[in-house]
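Computed from a predicted structure; not experimentally measured. Proteins come first, then strands; the chains are lettered A, B, ... in the order of their sequence lines, and each starts at number 1.
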Amino acid sequence: MIQLVKGTKDIFAAEVNAWQEIEKKMRDICQTFGIGEIRTPIIEFTELFVRGVGETTDIVQKEMYTFTDDGDRSLTLRPEGTAGVARAYIEHGMHNQAQPTKLYYISPTFRCENTQAGRQRQFHQFGVEMLGSYSPAQDAEAISVAAALLEEMGIEGVELRMNSLGCPECRSRYNKTLREFIGQNLDKLCPTCKERFDKNPLRVLDCKEEHCKGIIENAPSVLECLDGECREHFQKVQDILTQMGIAFTIDPKIVRGLDYYTRTVFEFVSDGLTVCGGGRYDNLIEECGGKPTGAVGFGLGIERLVMILEKQKGEISETSARDVFVGSMGEKGFLKAQGLTLGLRKAGISADCDTVERSVKAQMKYANKIGAKYSLVIGDSELENGTVELKEMETGEKTTVVIAELPFVLAEKCR
RNA sequence: GUGGGUAUGGCGCAGGUGGUUAGCGCGCCAGAUUGUGGCUCUGGAGGCCGUGGGUUCGAGUCCCACUAUCCACCCCA
């Protein structure tokens, strides 16, 4: 048997309904925030992600689905949404539109990594990107979209955590300071941290080892290393959020895994899982070949959202009841039922009929299983006198209805 | 990439120390006097016990490998 590819899954009716509700809320909220939808291709040139996401990131180094096409070009299934939007922004000269450009997307995303709770190889990301502004107000607006969305979803216990990584200058200054600090304590840290020291010193900050935590507590904070402008920017973001009534905590240990982030980075966390993560990326557009452009955005994992919602509100139940089941008896009745059902469907009534040629009894069982509100059986006698007994399934009550009037009667009852 | 748990009909599970035709619940299909469902009863279909090797007279049951899945690390949505 050919089975599912690792880290992918089929989504059935009940869950699809939940997804559609979620997506509708996303679209509605974006509408009110003046954010337009963009649909970029699933495949892009590998180079886009290498330059955009960062050559040294885990995503690029070991998690991309990359292949070569018949023209010997290296293509990659998108591992995140921002780079593609940046590419589109540049390629279509969107900076010539009224700025800022505000875009959102809901799209499948791929990362070839080990699966676990809330992590798949194909997952779906909702993302918002706001390009064309360096102002802290843009950071706050982006954050407010995410906050509004999570609130609309009714998720409890989400927490907004923020940090500022500063501009590249601040960052390299901090890297140096941190490296010095860790270097002095290197022999006291765990093996993983020693590795991180070379690869990405910032990562040492969120080590879970108790022993390391103790040492890290005394580490210098990024925030102390910010220059005046970055400091002011971050302060303003906070001021605006406060003005907006959005609660947050500052966590100098937040380090995001994508290289393109500058200044503000943030996460919405629930049950220890990051539902939503994002930040400002002022150098990405330039890095991808555009003019220097300030930008900020975030991504939100739909599977994680669904997971949390299920946990908090219970399993999603299926609701696909039919309005009416058209049962039939005999050859003529069977024929008539087919046409009659289509007629009802065209009138907007959710109708179903027997297409397996089963006994009346079996048909009724079926009607019950699909949750039909009404049922009827059409056979020789009904065809002869032109009426039918319409039965309300829940009560068993029957009413006589002229066949030709069924669409109207049912439309009335099922409205 | 690393560590641990799991892998038996559509779903959820049983199957002490290896031994004749692998069970149960739910679901599915069909009947219970001839054209009407939900309850009950009866019957039926459906599994080469994840895959491939090995040990053995004989393995779902023991050993190895692989794959998938779950959980955790790394990292992230």
Side-chain angles (χ1 to χ4, degrees), chain A residues 1-9 12 53 56-63 78-82 106-128 146 150 190-193 195-196 199-200 202-204 206-209 254-258 261 265 267-270 272-278 297-308 325-330 333-334 354 356 358-383 388-396 398:
Chain A
M1 191 184 30
I2 300 166
Q3 293 169 309
L4 270 175
V5 169
K6 183 187 178 79
T8 66
K9 69 175 208 174
F12 299 99
V53 178
T56 60
T57 58
D58 277 10
I59 291 178
V60 169
Q61 284 193 341
K62 50 186 195 190
E63 293 172 7
R78 71 164 153 249
E80 60 92 53
T82 307
I106 301 174
S107 46
T109 307
F110 304 82
R111 284 182 206 170
C112 186
E113 61 183 328
N114 248 335
T115 55
Q116 70 181 65
R119 179 179 303 175
Q120 296 173 250
R121 291 187 167 184
Q122 173 175 347
F123 60 103
H124 296 76
Q125 227 179 37
F126 163 77
V128 168
L150 293 172
C190 70
T192 342
C193 281
E195 234 173 84
R196 287 172 177 143
K199 222 176 86 189
N200 188 353
L202 290 178
R203 281 279 155 216
V204 176
D206 58 11
C207 183
K208 270 105 195 159
E209 290 272 336
I254 290 183
V255 182
R256 310 240 73 235
L258 291 78
Y261 287 117
V265 288
E267 304 178 339
F268 284 84
V269 181
S270 173
L273 209 61
T274 303
V275 206
C276 171
F298 67 85
L300 189 150
I302 299 183
E303 281 83 354
R304 288 193 178 179
L305 202 59
V306 171
M307 223 173 88
I308 293 166
F325 178 82
V326 181
S328 58
M329 180 71 206
F334 183 72
D354 174 53
V356 189
R358 282 191 275 220
S359 70
V360 172
K361 185 171 184 149
Q363 289 182 48
M364 292 313 293
K365 277 191 173 180
Y366 178 73
N368 191 52
K369 278 175 198 161
I370 63 173
K373 291 194 205 67
Y374 294 92
S375 73
L376 59 91
V377 174
I378 190 161
D380 290 343
S381 58
E382 283 79 5
L383 288 169
V388 95
E389 294 290 301
L390 188 64
K391 176 171 169 181
E392 187 177 350
M393 292 298 276
E394 207 169 310
T395 60
K398 288 182 181 176

Out of B:U69, B:A32, B:C75, minimum distance to the side chain of A:Arg119 belongs to B:C75

Counting the atoms with a prime plus P, OP1 and OP2 as sugar-phosphate, which does A:Arg121 contact under 4.0 Å by heavy atoms, base, sugar-phosphate, or nothing?
nothing

Side chain of A:Lys369 - closest among B:G35, B:C75, B:C29
B:C29

Separation of the C1' atoms in B:U6 and B:G60, to the nearest angstrom
15 Å

Contact under 4.0 Å: A:Lys6 side-chain N or O vs B:U69 OP1/OP2:
yes

Check: A:Glu113 main-chain N/O paired with A:Arg121 side-chain donor or acceptor under 3.5 Å
yes

Between B:A77 and A:Phe123, is there a base-stacking contact, meaning the centre of the base's six-membered ring lies under 5.5 Å from the residue's ring centre while the planes stay under 30° apart?
yes

Using the C1' atoms only, state how far B:G52 lies from B:A14, rounded to an integer number of Å.
27 Å

Side-chain atoms of A:Val377 come closest, of B:G35, B:C75, B:A32, to B:G35

Span that lies between the C1' atom of B:G10 and that of B:G4, in whole angstrom
30 Å

Can you tell me the distance, in whole Å, between the CD atom of A:Gln3 and the C1' atom of B:U67?
9 Å

Ignoring hydrogens and angles, does a donor from either the side chain of A:Asn368 or the base of B:G37 sit under 3.5 Å from an acceptor on the other?
yes

A:Lys373 side, atom NZ; A:Met393 side, atom CE - distance, nearest 0.5 Å:
12.0 Å

With a 3.5 Å cut-off and heavy atoms only, can you find an N or O donor on one side and an acceptor on the other between the side chain of A:Arg111 and the base of B:C75?
no

Which nucleotide wins on minimum distance to the side chain of A:Ser359, given the candidates B:C70, B:G37, B:G31?
B:G31

For A:Ile59 and B:A77, give me the distance from atom CD1 to atom P, rounded to whole Å.
6 Å

If you measure from the C1' atom in B:A65 to the same atom in B:C57, how many Å do you get, rounded?
26 Å

Using the P atom in both, what is the distance from B:U67 to B:G15, to the nearest Å?
29 Å

Any donor-acceptor pair, under 3.5 Å, between the side chain of A:Lys361 and the base of B:G37, if you only look at N and O atoms?
no

Is it the case that the base of B:A77 and the side chain of A:Glu113 share a donor-acceptor contact (distance under 3.5 Å, atom types as modelled)?
yes

Give me the distance, rounded to whole Å, that separates B:U2 from B:G9 when you measure between the P atoms they each carry.
29 Å

May I ask you to say what A:Gln122 touches in the nucleic acid, namely base, sugar-phosphate or nothing, with a heavy-atom cut-off under 4.0 Å?
nothing

Whole-Å distance separating the CD1 atom of A:Ile378 from the C1' atom of B:G35:
13 Å

Euclidean distance for C1', B:G27 against B:G46 (whole angstrom)
12 Å

Has A:Gln122 got a side-chain atom pairing as donor or acceptor with A:Pro108's backbone, closer than 3.5 angstrom?
no

Working to the nearest 0.5 Å, report the span between OG1 of A:Thr82 and CZ of A:Phe298.
10.5 Å

Give A:Thr109 one of three labels, base, sugar-phosphate or nothing, depending on what nucleic acid heavy atoms sit under 4.0 Å from its own.
nothing

May I ask you to verify whether the side chain of A:Gln363 and the base of B:G35 hold a donor-acceptor pair under 3.5 Å?
no

For A:Leu376, answer base if it contacts any base atom (sugar-phosphate contacts may also be present), sugar-phosphate if it contacts only those atoms, and nothing otherwise; contact means non-hydrogen atoms under 4.0 Å.
nothing

Determine the contact category for A:Gly118: base if any of its heavy atoms lies under 4.0 Å from a base atom, sugar-phosphate if only primed atoms, P, OP1 or OP2 are that close, otherwise nothing.
base

Could you state the CD-P distance from A:Gln120 to B:A77, rounded to the nearest angstrom?
15 Å

Work out how far the P atom of B:C26 is from that of B:U42, and round it to whole angstrom.
11 Å

Over all strands shown, is A:Ala117 touching base, sugar-phosphate only, or nothing at heavy-atom distances under 4.0 angstrom?
sugar-phosphate

Determine the contact category for A:Gly327: base if any of its heavy atoms lies under 4.0 Å from a base atom, sugar-phosphate if only primed atoms, P, OP1 or OP2 are that close, otherwise nothing.
nothing

What's A:Gly396 touching, base or sugar-phosphate or nothing? Going by heavy atoms closer than 4.0 Å.
base

Can you measure A:Met364 atom CE to B:G35 atom C1' for me and round it to whole angstrom units?
11 Å

Ignoring hydrogens and geometry, is there a side-chain-to-backbone donor-acceptor pair from A:Arg119 to A:Gly7 under 3.5 Å?
no

Compare side-chain N and O positions of A:Thr115 against OP1 and OP2 of B:C70 and report whether any pair is under 4.0 Å apart.
yes

In whole Å, I'd like the distance from the CD atom of A:Gln116 to the C1' atom of B:G5.
15 Å

Is there a donor-acceptor pair under 3.5 Å between the side chain of A:Ser381 and the backbone N or O of A:Gly379?
no

Does A:Val269 offer a backbone N or O that forms a donor-acceptor pair with the side chain of A:Glu267 under 3.5 Å?
no

Judged by each residue's nearest nucleotide on RNA chain B, which is more toward the 5′ side, A:Met329 or A:Gly7?
A:Met329

Can you tell me how far P of B:A72 sits from CG of A:Asn114, to the nearest Å?
12 Å

Nucleotide B:G37, atom P - distance to NZ of A:Lys398 in whole Å
9 Å

side-chain contact (heavy atoms from CB on, under 4.5 Å) with A:Phe325: of A:Val377, A:Leu376, A:Ile370, only one passes, and it is A:Ile370

Would you mind classifying the nucleic acid contact of A:Arg256 as base, sugar-phosphate or nothing, using non-hydrogen atoms under 4.0 angstrom?
sugar-phosphate

I'd like to check the side-chain contact (heavy atoms from CB on, under 4.5 Å) partners of A:Leu383; sequence neighbours left out, ordered by chain and number.
A:Lys332, A:Lys336, A:Ile378

Canonical and wobble pairing (Watson-Crick, G-U, under 3.5 Å) of RNA chain B, dot-bracket with |:
(((((((..((((.....[...)))).(((((.......))))).....(((((..]....))))))))))))....

Please check this pair: side chain of A:Arg304 against backbone of A:Gly118, looking for a donor-acceptor N/O pair closer than 3.5 Å.
yes

Is there a side-chain contact between A:Asn114 and A:Lys6, using heavy atoms and a 4.5 Å cut-off?
yes

